[in-house]
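Residue numbers begin at 1 in each chain, while the letters A, B, ... track the order of the sequences.
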2 protein chains.
Amino acid sequence: MAPAFSPLYQQIKSLILRSLQAGEWKPGDTIPSELELAARFKVSQGTVRKAIDELANDNLVVRRQGKGTFVATHAEQHIQYRFLRLLPDSGSLKTQGPAERRIIECRRLRAPADVARQLGLRSGDSVLQVRRVLSFSSTPAILEDIWLPGATFKGLTLETLAHDKGPMYALFEAQFGVRMVRAVETLKAVSADAEMAALLAIQPGHPLLSVERLAYTYNDVPMELRRGLYLTESRHYHNELS
Amino acid sequence: MAPAFSPLYQQIKSLILRSLQAGEWKPGDTIPSELELAARFKVSQGTVRKAIDELANDNLVVRRQGKGTFVATHAEQHIQYRFLRLLPDSGSLKTQGPAERRIIECRRLRAPADVARQLGLRSGDSVLQVRRVLSFSSTPAILEDIWLPGATFKGLTLETLAHDKGPMYALFEAQFGVRMVRAVETLKAVSADAEMAALLAIQPGHPLLSVERLAYTYNDVPMELRRGLYLTESRHYHNELS
DNA sequence: CAGTGGTCTAGACCACACT
DNA sequence: GTGTGGTCTAGACCACTGC
């Protein structure tokens, strides 16, 4: 048993993935052309092609005809936040102006048991916690707590976060070489308690959409836990099924 | 301008899609082998292959090595409900016993304006409305209203629905030849009103996850509007991002 | 065994972007 | 024009299923 048969293109995919992981090509860079990679790995172009097809499918890489294949990045993608599924209700597709971000808190602490478990840390390991409020048109829309492994995000401070424009995940790429590759979200409906209500400028008891996100880097290593509370009076969480 | 260049495999994909749509092969059937299709369309196997690859990606068709390629179906898929994203919290992957279904109401009426708009009907066209409660282990978990175009689902009655076991979408396939192919969901957090509370055995004001689903058949034709209210005390809506 | 989908190759040619 | 990804072909062979 255990035939362990692995197609050649899967092996090539793994090799390319390893290079991505090792940072041989940075986010936004082009990777070598299909013919170059074919030569490097001593396989045909078609085999490399199939490997890259899968990487593109996984959103690790972006193909652009005539130009090349690029390492995917959370920066410079004209969509502001790749993982944010909250959209304005109004049928209008007008780009709701960029979110205004207010950081409430940013501190290091020993990981609570549940956070440690989800991030694959030992209980008590150092974590960085960020609490912030996102607003659109000066109206609060999201309150979220973010937990990051302290060891990986060593130099990260409130100042860095506060001065930064652009997606947080883009900053993670640039400053810490951490690329968020996929995420799993768990949604529930909850009632606002007094603290949440104050920060979101609503009444206690107001219904909120609770969105817990665990985001992963390469190799299914969890790297961020995010607990968000979304106001859904004039916005909604959008999802496509197939 | 308007180069309108369309790869051959896309054209083949369209042709196969047309046959699926026309019911040349029924859900669960195998479609002709790649070589047969290649002969029929006078192209190489590789071209048919790429067409089928995309159809499989869209979940319209399922490949099974050594056996053939099958028309996807909502029946006989060992997952009970392909579009239901509500899972039990408990880490255990144990299959929560099948949902118990209680139909509260099933009637025909003239489509309200908003329902008509979403289903692409004229306001006042006949629609079938079904209201039901889904329970797990005798505990209510979901209250949902379902709207269907009256013309398409002509013979559908409460009796048919009540006596049927298995996914509703499977019944639609078998009885009306309607295959739900994809869906879009809109989520919000809301407070239970008196009516919802009574049906779900909770207190008014209890937070509920509102899930509005518009399900489509082939050609992006909307065929079902579903407004669900999910209890998320011990269950959650699960979503994967990439 | 025959029949199916899955892999791999080698080469020709097309569409697109830049220079 | 040159180089990139994208399409298409033809044929050989592999892996899985069921007779």
Side-chain angles (χ1 to χ4, degrees), chain A residues 1-17 19-20 24-26 28-73 76 78, chain B residues 1-17 19-20 24-26 28-73 76 78:
Chain A
M1 53 173 306
F5 162 74
S6 178
L8 190 47
Y9 73 86
Q10 286 287 2
Q11 302 174 38
I12 303 301
K13 181 184 174 185
S14 294
L15 290 173
I16 298 177
L17 225 145
S19 290
L20 284 170
E24 181 174 339
W25 315 297
K26 301 293 182 201
D29 284 2
T30 103
I31 69 174
S33 78
E34 296 178 352
L35 283 172
E36 284 179 272
L37 289 172
R40 155 153 23 157
F41 298 126
K42 309 274 188 47
V43 298
S44 76
Q45 187 200 9
T47 301
V48 170
R49 177 153 259 278
K50 183 142 190 184
I52 296 181
D53 277 346
E54 293 212 344
L55 292 170
N57 241 326
D58 297 344
N59 286 308
L60 294 176
V61 114
V62 175
R63 321 189 76 140
R64 268 183 273 199
Q65 179 168 160
K67 301 177 78 172
T69 300
F70 301 76
V71 182
T73 170
E76 76 156 332
H78 39 21
Chain B
M1 55 170 303
F5 162 74
S6 178
L8 190 46
Y9 74 86
Q10 286 286 2
Q11 304 174 36
I12 303 300
K13 181 184 175 186
S14 294
L15 290 174
I16 299 177
L17 225 144
S19 291
L20 284 169
E24 181 174 339
W25 315 297
K26 301 292 180 200
D29 284 1
T30 103
I31 70 173
S33 78
E34 296 177 352
L35 283 172
E36 283 180 273
L37 289 171
R40 155 153 22 156
F41 298 127
K42 311 273 189 45
V43 298
S44 77
Q45 187 201 9
T47 302
V48 170
R49 178 153 258 279
K50 183 141 191 187
I52 295 181
D53 277 346
E54 293 212 344
L55 291 170
N57 242 324
D58 298 344
N59 286 307
L60 294 176
V61 115
V62 176
R63 320 189 77 139
R64 268 182 273 199
Q65 178 168 162
K67 301 176 78 171
T69 301
F70 300 77
V71 182
T73 170
E76 78 158 329
H78 39 20

Self-check item: Listed partners of B:Ser19 passing side chain to side chain donor-acceptor pair (under 3.5 Å), at least two apart
Solution: B:Glu24
Exercise. Check every strand shown and say whether A:Thr69 touches a base, only sugar-phosphate, or nothing at a heavy-atom separation below 4.0 Å.
Key: sugar-phosphate
Self-check item: Rounded distance [0.5 Å steps], CG in B:Leu37 versus NZ in B:Lys42
Solution: 13.5 Å
Quiz item: Quick one, which residues of residues 42-61 of chain B touch DNA chain C with a heavy atom under 4.0 Å?
Solution: B:Arg49
Quiz prompt | Residue list, side chain to side chain donor-acceptor pair (under 3.5 Å) with A:Thr47, at least two apart or on another chain | solution = A:Ser44
Practice problem: Let me know the distance between CD of A:Gln10 and C1' of D:dC14, rounded to the nearest Å. | Solution: 16 Å
Quiz item: Quick one: side chain to side chain donor-acceptor pair (under 3.5 Å) partners of B:Lys50, sequence neighbours excluded?
Solution: none
Quiz item: Can you name the closest pair of heavy atoms from B:Ser6 and B:Gln11 and give their distance?
Solution: O-NE2, 3.0 Å
Quiz item: Under a 4.0 Å heavy-atom cut-off, which of residues 31-40 of chain A touch DNA chain C?
Solution: none
Practice problem: Check the distance between C:dC14's C1' and B:Tyr9's OH and give it to me in whole angstrom. | Solution: 13 Å
In residues 60-67 of chain B, what donor-acceptor pairs under 3.5 Å come from side-chain atoms, sequence neighbours left out?
from    : atom 1 : to      : atom 2 : distance (Å)
B:Arg63 : NH1    : B:Asp53 : OD1    : 2.4
B:Arg63 : NH2    : B:Glu34 : OE2    : 2.1

Quiz item: Any idea which heavy atoms bring B:Ile31 and B:Trp25 closest together, and the distance?
Solution: CG2-CE3, 3.7 Å
Practice problem: State which residues pass side chain to side chain donor-acceptor pair (under 3.5 Å) with A:Asn59; sequence neighbours excluded, sorted by chain then number. | Solution: none
Practice problem: Please identify each residue that fulfils salt bridge (charged side-chain N to carboxylate O under 4.0 Å, His left out) with A:Asp58, with sequence neighbours left out. | Solution: A:Lys13
Quiz prompt | Stems formed with participation of DNA chain C [Watson-Crick or G-U wobble, under 3.5 Å, three or more pairs] | solution = C:1-18 with D:1-18
Quiz prompt | Whole-Å distance separating the CZ atom of A:Phe5 from the C1' atom of D:dC13 | solution = 11 Å
Practice problem: Can you see which heavy atom on B:Arg40 is nearest to which on B:Pro32, and at what distance? | Solution: NH2-CG, 4.3 Å
Quiz item: Do the side-chain N or O atoms of B:Arg64 get closer than 4.0 angstrom to the phosphate oxygens (OP1, OP2) of C:dT4?
Solution: no
Quiz item: Looking only at atom types and distance, does a side-chain atom of A:Gln10 sit under 3.5 Å from a main-chain N or O of A:Pro7, one as donor and one as acceptor?
Solution: no
Just the atom pairs and distances: protein N or O near nucleotides 17-19 of chain C's N or O, under 3.5 Å.
from   : atom 1 : to      : atom 2 : distance (Å)
C:dC18 : OP1    : A:Lys67 : NZ     : 3.3

Self-check item: Heavy-atom side-chain proximity of A:Ile16 to A:Phe41 below 4.5 angstrom
Solution: yes
Quiz item: Please give, in whole Å, the distance from D:dG5 C1' to A:Phe70 CZ?
Solution: 10 Å
Exercise. Measure the shortest side-chain to side-chain distance between B:Thr69 and B:Leu55 over non-hydrogen atoms and say whether it is less than 4.5 angstrom.
Key: no
